[in-house]
Amino acid sequence: MAEKHSVKVQIDGKVITLAGYESDDYLQRVAFYLNNKILELKSLPGYGRMAPDERATLLELNIADDYFKAKAKVESMEEDIENKDQSTYDIKHDLVAAQMEIEKLRREVNRLRSIKKSEV
């Protein structure tokens, strides 16, 4: 089992201990993301006058929005990969069919040459 890590981070000016099985670097990146998101929201007009629970809800909604956009992008990329895999398969199939046709034509050419030689 992975080792649990804990790291002290600063989020919105408060020191918090984050713990998890991810690396310290990952936990720091999570805190960095949250701080950037909070700074982004603080720049909105009226944010400072909101009640703390409204600010928390706005932060949660923005994080959920980021998550769903990232998830949609991943799904789109997975679909693109699947389509490219199918295209690759189709191209390989066409290549094999073309190689078989070339071999068939070579045999036919050789057969016709041997007939022509026997006529001479």
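With contacts defined as side-chain heavy-atom distances shorter than 4.5 Å, the pair Gln10/Ile16 does not qualify. In this structure the side chain of Lys37 reaches within 4.5 angstrom of the side chain of Tyr33, judged on heavy atoms. The side-chain heavy atoms of Met50 and Leu58, taken from C-beta on, include a pair separated by under 4.5 Å. A heavy-atom distance below 4.5 Å is not found between the side chains of Thr17 and Val7. Proximity of Lys42 to Asp12: side-chain heavy atoms (C-beta onward) are separated by under 4.5 Å at one or more points.
Heavy-atom contacts from other residues, nucleotides or ligands closer than 6.0 Å to CZ of Phe32 number 12 or fewer.
There is a path of hydrophobic side-chain contacts, each under 4.5 Å, that joins Leu44 to Ile38.
No donor-acceptor distance shorter than 3.5 angstrom exists from the side chain of Asp65 to the backbone of Leu61, with no hydrogens or angles considered. A donor-acceptor contact shorter than 3.5 Å is absent between the side chain of Asp24 and the backbone of His5.
The structure places CD of Gln99 at 11.0 Å from CG of Asp94, a figure rounded to the nearest 0.5 Å. The distance from atom CG of Asn62 to atom CG of Leu34, rounded to the nearest 0.5 Å, is 11.5 Å. Considering CZ of Arg55 and CG of Asp53, their distance stands at 9.0 Å, rounded to 0.5 Å. Put simply, CD on Glu22 and CG on Leu27 are 6.0 Å apart, with the number rounded to the nearest 0.5 Å. Distance check, rounded to the nearest 0.5 Å: CG of Asn35 to CD1 of Ile11 gives 6.0 Å.
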Donor-acceptor contacts, no H, no angles, side chain residues 72-87, under 3.5 Å, sequence neighbours left out:
{"from": "Asn83", "atom 1": "ND2", "to": "Glu79", "atom 2": "O", "distance (Å)": "3.4"}
{"from": "Gln86", "atom 1": "NE2", "to": "Asp90", "atom 2": "OD1", "distance (Å)": "2.9"}
{"from": "Ser87", "atom 1": "OG", "to": "Asn83", "atom 2": "O", "distance (Å)": "3.3"}

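Remark: Leu105 pairs with Glu101 by the side chain to side chain contact (heavy atoms under 4.5 Å, CB included) rule, at least two apart or across chains.
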